[in-house]
Chemist: 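Below is a structure I'd like to ask you about.
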Amino acid sequence: LSCVLGAHFDSRVLCVRVWCSERYPFAFSNNRVTMEGHHVRLLQLVLVLTLVILYYAAFWNTGESDIPVFASSIEPQAGLDVLQSTVGQVLPERTESMQDMDSSEELEIEFEHLGCMHIEPQQLMYPVKKHDELTPSVCALQCYNLGLPHFILTGGNECGCGTEIKPKEMDTGPKCFLQCTGVSTVMCGGRSWWVDSYKINTPLKEVITIYVAPAKRTSSLYATGRFDQYYSKKYTYVYRTLNNQVSRSLDIFYDEVCVRHPGKKVFVQIAGAVKFVMEHFPEQSVLVLTGDEVGNFGITHNGKSIGPHGKGQPFDTAIDSQYGHMILPDIVKPLFKQYYDYRQWESWKSDVRFVPLGSRNEFPDMKQNSLPPASQRKYLLSYMVALTDASRHQVYRMLINDTLIQESRKFIHVSNHWHGSANNEEYVSPEKYAEVMTQSVFAICPKGHNIEQFRFYEALEAGAIPVLADSDKGVLHKQLPPSYLESPMLILKSWDDLLPTLRKLNQDPDELDRRQAAAQEWYHSFMRHKALEIEQVLESKKDQTNGFCTQHKPAT
């Protein structure tokens, strides 16, 4: 039906005609419709035409199709197609500010109705979001948490946000006639971008935009949203995706980071996109450098580097240094990076700051107020690792040969190979893994590819105490920041001390609870301090004027 009528009666659905022509070889000639040589019966065609005329008569609206159109399906403005497919998206399931919502929910947001109007959807900063129970207050909260002062209601159940929304035409008739799904006495716009427009009068917080690389595993600290609870309440945090495809056009990058999202920014990037970001680094921005489990990046060492730097490359190398490290551009200093390495800290000194890995995406959120105390947990220890290092083999042999700790008080599951996905069948499932963690007093964490591992943070979030040992040639002091070595995590001089220490601690339930409480307090305090440190670095850059946003001159 759409193919016949779209091709005959409505040039506005040319896309339908093209779609049809690829699938059904229609020919339109001599007022007859043929399909691969077969004539369509006249009676059938008349019936079809009658139905369509009735449909158009029922829903015709100012010469436009009245079928609802959603912002995500609108053809982007010229030059924004790459942007919208790469950086022009809010992270999945993160369409609102991802910081703790409690303070926003308690805040009574004031707003005013500007009227019913017809708008261009390109004015919205993000695709509209559907709500099962939409009210003006619900939409106001959504846009307030994105740091945007204007919002619109349309389609009865859709909310959109923007910095400024100008009308193409104001309503002179009943164009906004759809009741809100959350309150039947209030209208929530109409069809075809007839909207009820509002302005938020409550002062907005300053926005910090976080651009997260799509590599969810390496960016899990931000991608999971678990770091959000540690932000101060001074700012609104908005998340955006960013990958290296944005380098196809500097004007697209400029429009995204300088025009659409001015102000403070955090770039959470892995090595593939770092070169482009560092070469075109905006003012008032912080770089958070992520990496894989090996953690070799930042310093040229054994042929591995983050880069490129050196002769003929964008960045210079400090040739007078034994580590041959990159000389950081002033506007990038200081940067934050995962995986502590004493060589990098010796080279960059205060220009590099540590940021933790956090827990993996597959690890579920923990309800902190319902975690069982250590003295009431099922397992004294859990050991869930891939046997990727000699120390892990050593610990495995010790545990399976031990006869002094009851088997029911140990959970042991090892795999012979490391896998990038936590859902690999050789591993325990993420659900089982989390369940065991919440029932473990101690989580044994020998060195793998790197001493720092997601397991630290998953244990701490589940109320377990990570156990580490410095038996591998002082590896803890080389690959962990000093604050970790002073923490309440159980740090042994050697793995040979593991079983005697655990057996002794198991005899004092009160001591187990005390250690658990101390580890929890330390972890949450450390994460709060780290979030505050990033905010303070951003604040110290408020007067920068020599970045990409100042220097780039976009094409008119």
Side-chain angles (χ1 to χ4, degrees), residues 94 97-100 206 208-213 216-239 264-270 284-291 295 297-298 328 332-342 344-345 348-361 363 365-366 368 445 450-463 466 468 476 479-489 491 518-541:
R94 301 177 71 91
S97 168
M98 291 301 113
Q99 66 189 112
D100 186 7
E206 185 179 355
I208 295 178
T209 306
I210 301 182
Y211 288 98
V212 183
K216 289 185 177 180
R217 184 175 181 85
T218 59
S219 303
S220 62
L221 177 68
Y222 286 91
T224 60
R226 297 181 192 127
F227 193 44
D228 304 2
Q229 63 185 300
Y230 302 108
Y231 298 148
S232 74
K233 305 304 180 183
K234 294 169 58 178
Y235 299 100
T236 290
Y237 280 81
V238 175
Y239 283 76
K264 295 179 175 64
K265 285 171 275 288
V266 177
F267 290 90
V268 183
Q269 297 298 300
I270 195 168
Q284 300 186 69
S285 298
V286 161
L287 175 62
V288 175
L289 198 58
T290 69
F297 51 125
L328 296 173
V332 176
K333 300 175 185 176
L335 62 75
F336 290 76
K337 70 175 295 294
Q338 296 174 344
Y339 294 112
Y340 179 90
D341 188 311
Y342 73 99
Q344 297 165 1
W345 265 253
W348 283 331
K349 297 181 172 56
S350 61
D351 289 337
V352 60
R353 313 286 180 89
F354 176 72
V355 68
L357 287 175
S359 52
R360 290 170 294 179
N361 285 276
F363 189 72
D365 294 337
M366 295 285 105
Q368 296 298 316
C445 304
N450 195 288
I451 188 62
E452 188 190 4
Q453 49 200 275
F454 294 113
R455 191 172 291 101
F456 289 3
Y457 309 102
E458 291 157 355
L460 289 163
E461 289 176 13
L468 298 77
L476 295 189
Q479 294 187 350
L480 286 180
S483 59
Y484 278 42
L485 304 179
E486 300 166 358
S487 75
M489 291 187 286
I491 300 178
Q520 289 287 290
E521 174 59 30
W522 171 83
Y523 176 64
H524 295 299
S525 176
F526 172 80
M527 297 296 271
R528 285 191 298 269
H529 172 77
K530 192 56 57 178
L532 178 61
E533 184 181 8
I534 293 173
E535 290 181 352
Q536 289 174 338
V537 170
L538 282 170
E539 290 165 356
S540 72
K541 296 187 172 189

Chemist: Just by modelled atom types, is the S220 backbone N or O under 3.5 Å from a matching donor or acceptor in the T224 side chain?
Modeler: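 At least one qualifying donor-acceptor pair exists.
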Chemist: Just jot down the ring pair (Phe, Tyr, Trp, His ring centres under 6.0 Å) partners of F354, sequence neighbours excluded, or say none.
Modeler: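 For F354 the ring pair (Phe, Tyr, Trp, His ring centres under 6.0 Å) partners, ignoring immediate neighbours, are Y484.
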Chemist: Mark yes or no for whether K541, through its side chain, and K333, through its backbone, hold a donor-acceptor pair below 3.5 Å.
Modeler: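 Yes; at least one donor-acceptor contact below 3.5 Å.
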Chemist: With rounding to the nearest 0.5 angstrom, report the SG to CD1 distance, C445 to I491.
Modeler: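 Rounded to the nearest 0.5 Å, the SG-CD1 separation comes out at 11.0 Å.
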Chemist: May I ask you to test the M489-W522 pair for a side-chain heavy-atom distance under 4.5 Å?
Modeler: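 A side-chain contact exists here, since the closest heavy-atom pair is under 4.5 Å.
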Chemist: Say you draw a straight line from CZ of F227 to OG of S359; how long is it, rounded to the nearest 0.5 Å?
Modeler: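 Going from CZ on F227 over to OG on S359, the span is 12.0 Å.
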Chemist: Test E452 against every option in D341, L476, L480 by the side-chain contact (heavy atoms from CB on, under 4.5 Å) rule and name the one that passes.
Modeler: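 Only one option passes, and that is L480.
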Chemist: Which heavy atom of S540 sits nearest a heavy atom of V537, and at what distance?
Modeler: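 The answer is OG-O, 2.6 Å.
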Chemist: Charged N to carboxylate O below 4.0 Å: is that the case for K234 and E535?
Modeler: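 Judged by the 4.0 Å cut-off on N to carboxylate O distance, K234 and E535 do not form a salt bridge.
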Chemist: Does any non-hydrogen side-chain atom of K264 lie less than 4.5 Å from one of E539?
Modeler: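 A side-chain contact under 4.5 Å exists here.
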Chemist: What is the minimum heavy-atom distance between P356 and F526, and which atoms define it?
Modeler: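 Nearest pair, atom of P356 first, then F526: CG-CE2, 3.9 Å.
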Chemist: Do the side chains of I210 and V238 get nearer than 4.5 Å, heavy atoms only?
Modeler: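 No, too far: nothing below the 4.5 Å cut-off.
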Chemist: Got a second to check how far I451's CD1 is from Y340's OH, nearest 0.5 Å?
Modeler: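 The CD1 atom of I451 sits 14.0 Å away from the OH atom of Y340.
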Chemist: Any salt bridge (Lys or Arg N to Asp or Glu O under 4.0 Å) pairs touching residues 453-463, not counting sequence neighbours?
Modeler: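 Residue pairs with at least one partner in residues 453-463: R360-E458.
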Chemist: Once you round to the nearest 0.5 Å, how far does OG1 of T290 lie from CD of Q269?
Modeler: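 Those atoms lie 7.5 Å apart.
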Chemist: For the atom pair OH (Y523) and CD (Q368), what is the distance rounded to the nearest 0.5 Å?
Modeler: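 Answer rounded to 0.5 Å: 8.5 Å.
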Chemist: Indicate yes or no: at least one non-hydrogen side-chain atom of L357 is less than 4.5 angstrom from one of Y339.
Modeler: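 Yes - at least one pair of side-chain heavy atoms lies under 4.5 Å apart.
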Chemist: Looking at side-chain heavy atoms only, is the closest gap between Y237 and D228 below 4.5 Å?
Modeler: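 SC-SC contact between Y237 and D228 ruled out.
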Chemist: Would you give the length of the straight line joining atom OH of Y235 to atom CG of L538, rounded to the nearest 0.5 angstrom?
Modeler: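 These two atoms lie 7.5 Å from each other.
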Chemist: Decide yes or no for F336 and V266: does some side-chain heavy atom of the first lie under 4.5 Å from some side-chain heavy atom of the second?
Modeler: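 Contact flag for F336/V266 side chains = no.
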Chemist: Using side-chain heavy atoms (C-beta onward) and a distance below 4.5 Å, is Y211 in contact with K265?
Modeler: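 They are in side-chain contact.
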Chemist: Any side-chain heavy-atom pair from L221 and M527 closer than 4.5 angstrom?
Modeler: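 A side-chain contact under 4.5 Å exists here.
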